[in-house]
Structures are given as C-alpha cells and as structure tokens.
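Down below is the structure, laid out as structure tokens.
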Amino acid sequence: MPGFSMDAAAEQRFNVNLSILFTELPLLERPAAAAAAGFTAVELWWPWVDSPTPERAELDALKKAIEDAGVQLTGLNFYAGQLPGPDRGALSIPGEESERFRANIDVAADFAQSLGCKALNALYGNRVEGVDPAVQDELALENLVLAARAAHRIGAVLLIETLNKPESPLYPLVTAPAGIAVVDKVNEATGLGNAKFLMDLYHLSMNGEDLPSVIDRYAARTGHVQIADNPGRGAPGTGSLPLEELLGRLRKQGYEGWVGLEYKPGDRTGAEAFEWLPAEARAAR
C-alpha cells in the first residue's frame, strides 16, 4: 500500500477516529491502542448510541481511559442516533430525537470541556417522510444555535458536516455549498462566529465535487478535516484520491487544523491499519 512521504506527513496534525478504527477492541481500550500505535490525538462519534445522557460512571470511565493513555481528545460528535447504522444525526428530526439531541448538548459539551476538546460535530439528520423540509430546517437552526452557544461556553467550535448522497440519500447536506450555507445561517443567528465547516474529503469525492476548488473556496471556513480514500473508504493509498496532494493544498490555503483519520481498516486491524503513515509523523506537533 503506497503511503505518504515523510515530508508531506510531517506537515499535518493527524488524529485517529476511535469510532471507526480500533473497533476490534472495547471502547475503553482504544485510546491506549492509538497511543501504542504512535498517535497523540483522537476523536470520537458519540459513543453511547442509545443514550444522549449516559450514567456519570460511563462518562468518567471513558475520560479516565483517554487521560491514562496520554492522548488528547480533539473532536467529539453530539448525539446522532444509531451511528454507524441508519441514522445521520438527530437535530432536525421533530419529536423525540430532537429532544434527545437537546438533552445531550450540555452533556457532550461538559465532557469535551473536561478533556480540553475544542470541536463538537453536530450531524444534521435525515429528511423525514411526511415532514415539510422547511419545518426540519427551522428546527435544525434552533438546535444548532443551542449547540453553538454550548460550544462557545467551552471555547470550542461547532462543526457542520457534509455527507454523501450515495450512502446517505436522505441527508440534505450533500454538497460543500449546502454545508457552508448552514454554517453561515448559524453564525448569523448567534453572532458568535464559531460554526465551521467539517470538510470530509471522502464524502465530498463521493459526491463528485471538484476537491481542489472546494479547498480553495472553503479552507478559511473549515474547522476540521477528515479523510478516507475513495473508492472503498479505506486507508490512504487503497483508492485513487490524491490525499497527500489535497492536504498539501489545504495547508497552502492556510488550514492548520486537525486531519481526522476516519477510514475503514478492512482486514488490517490495530497498528497495521496505519502502515501508510510514517511512524514519526503520527504524534501531533
């Protein structure tokens, strides 16, 4: 599997998504596994898919596992329903799911704050049959404003993510401009300016977008980047995306934030899933 050159890799700040990598291990063992593989930063989807408000003991156990491993939590999703699974977020879904999202906002923000995490990702949610999209969008904006204020309280950014239409046909944000439009609406509503774009190069490539153009237009509005190769959503080098080149372009456009590794390891588990990345480039600088 071809990998990144040391020079290119050394320019980036990588973190490992522990909700898609090291999943052969129990959640509480993954931070230490990431550290053993040479990484110093990790991110997570909301780990308790059934509960927006888990017991304090569960939150404390995960906090301890992250601290004991000596890794930094750099990103956390708000409650997003069954993920992985059929759901793509909760905040635009009227009724119980919206209420669960709201119940989660301060829980997620407080957990992030306890670990010095400065980015919270709010997945928009699928369109619901029989509900006017305008009603969903109004609810979404209300909930995103609440989330942005909670993020601001802990000195964090609120991330809005674009997914891809082939894999998420009911998710309305499937272009970079659609994601950016929501970012703008939230910032306009709050006046805080802390809503940012989550630029996932895999999702954008699945949508057939012109990635160099997206980078040039939106790098300055981007709060986080995630990568996987395409096709297959595997490790860099397993598909045909020029990820080394694209990340270099982001740097040239001024992006100095985290690059989240959010790919499927395939049959390579544990440290084997990172052979594309020189070991010396895994620890964040």
Side-chain angles (χ1 to χ4, degrees), residues 17 19-20 23 43-54 75-105 107-108 119-148 150-151 158-186 189 195-209 214 218 223-224 226 228 230-233 260 262-264:
N17 189 305
S19 299
I20 195 169
T23 56
E43 65 183 32
L44 284 163
W45 302 340
W46 183 248
W48 299 278
V49 294
D50 296 320
S51 176
T53 54
L76 177 68
N77 282 16
F78 287 108
Y79 169 79
Q82 296 290 321
L83 188 76
D87 300 334
R88 298 289 185 272
L91 62 90
S92 67
I93 298 173
E96 190 179 344
E97 280 298 88
S98 169
E99 287 166 19
R100 286 160 78 89
F101 177 82
R102 288 190 188 192
N104 174 250
I105 290 174
V107 177
L120 290 160
N121 182 24
L123 283 167
Y124 201 82
N126 288 330
R127 290 303 193 207
V128 179
E129 194 175 340
V131 179
D132 183 344
V135 170
Q136 284 197 259
D137 291 341
E138 188 178 339
L139 176 63
L141 185 57
E142 284 176 26
N143 283 335
L144 286 167
V145 164
L146 295 173
L158 174 72
L159 298 170
I160 310 291
E161 182 172 8
T162 293
L163 300 183
N164 76 76
K165 197 166 183 67
E167 293 174 321
S168 304
L170 300 177
Y171 191 83
L173 308 184
V174 289
T175 66
I180 290 287
V182 173
V183 167
D184 288 346
K185 278 185 194 166
V186 175
K196 302 275 187 183
F197 183 49
L198 195 168
M199 185 185 290
D200 185 310
L201 296 176
Y202 166 74
H203 288 309
L204 295 171
S205 71
M206 282 285 288
N207 287 327
E209 295 198 56
V214 167
Y218 300 128
H224 187 51
Q226 289 173 332
N230 189 22
R233 201 177 184 178
E262 196 189 55
Y263 59 83
K264 296 176 181 177

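All values derive from a computational prediction rather than experimental measurement. The first residue in the sequence is number 1, and the count goes up from there. When reading the values below, keep in mind they use all heavy atoms of this one structure, side chains included, and skip hydrogens, waters and symmetry mates.
Looking at heavy atoms from C-beta onward, Trp45 lies out of side-chain contact with Leu123 at the 4.5 angstrom threshold. At least one side-chain heavy atom of Leu141 sits under 4.5 Å from a side-chain heavy atom of Val186. Side-chain contact check for Glu209 versus Pro177: some heavy-atom pair is nearer than 4.5 Å. Using a 4.5 Å heavy-atom threshold, the side chains of Phe197 and Ile160 count as separate. For the pair Ile93/Gln136, a side-chain contact is recorded, criterion being any heavy-atom separation below 4.5 Å from C-beta on. Using a 4.5 Å heavy-atom threshold, the side chains of Ser92 and Leu139 count as separate.
Legend: salt bridge (Lys or Arg N to Asp or Glu O under 4.0 Å) pairs involving residues 167-184, not counting sequence neighbours, sorted by first then second residue: Asp184-Arg221. The list of salt bridge (Lys or Arg N to Asp or Glu O under 4.0 Å) pairs with a residue in residues 95-105, not counting sequence neighbours, reads Glu96-Arg100, Glu97-Arg100, Arg102-Glu142. Residue pairs satisfying the salt bridge (Lys or Arg N to Asp or Glu O under 4.0 Å) criterion with at least one member in residues 130-141, sequence neighbours excluded, are listed as follows: Arg127-Asp137.
Not one N or O on the side chain of Asn17 forms a donor-acceptor pair closer than 3.5 Å with the backbone of Gly260. Asn207 places a side-chain N or O within donor-acceptor distance of the main-chain N or O of Lys165, the cut-off being under 3.5 Å. Under a 3.5 Å cut-off, the side chain of Ser98 and the backbone N or O of Gly95 do not form any donor-acceptor pair.
For the atom pair OG1 of Thr162 and CG of Leu204, the computed distance is 6.0 Å after rounding to the nearest 0.5 Å. The line from CD1 of Ile105 to CG of Leu120 is 10.0 Å long, rounded to the nearest 0.5 Å. The distance from the CD atom of Glu161 to the CD atom of Gln226 is 5.0 Å, given to the nearest 0.5 Å.
The nearest pair of heavy atoms linking Ala151 to Leu158 is CB-N, 4.3 Å. Asp87 and Ala80 make their closest contact through CB-O, 3.6 Å (heavy atoms, listed as atom of the first residue, atom of the second, distance). Asn230 and Gly232 make their closest contact through OD1-N, 4.0 Å (heavy atoms, listed as atom of the first residue, atom of the second, distance). The shortest heavy-atom contact between Ala228 and Tyr263 is CB-CB, 3.5 Å. Residues Asn164 and Val174 come closest through the heavy atom pair C-CG1, 3.8 Å. Residues Gly125 and Pro172 approach most closely at O-CD, 3.3 Å, considering heavy atoms.
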Test log, rule ring pair (Phe, Tyr, Trp, His ring centres under 6.0 Å), inputs Phe78 and Phe101: CA-CA 7 Å; Phe78 287 108; Phe101 177 82; 5.5 Å; yes
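By the side chain to side chain contact (heavy atoms under 4.5 Å, CB included) test, Ser51 is found to be paired with Trp48, Thr53, Pro54, residues two or more places apart in sequence or in another chain being considered. In this structure Tyr79 satisfies the ring pair (Phe, Tyr, Trp, His ring centres under 6.0 Å) test with no other residue, sequence neighbours excluded. Listed by chain and residue number, Arg233 satisfy the salt bridge (charged side-chain N to carboxylate O under 4.0 Å, His left out) test with Glu262 (two or more places apart in sequence, or in another chain).
Judged by distance alone, the side chains of Asn77 and Asn121 do bring a donor and an acceptor atom under 3.5 Å apart.
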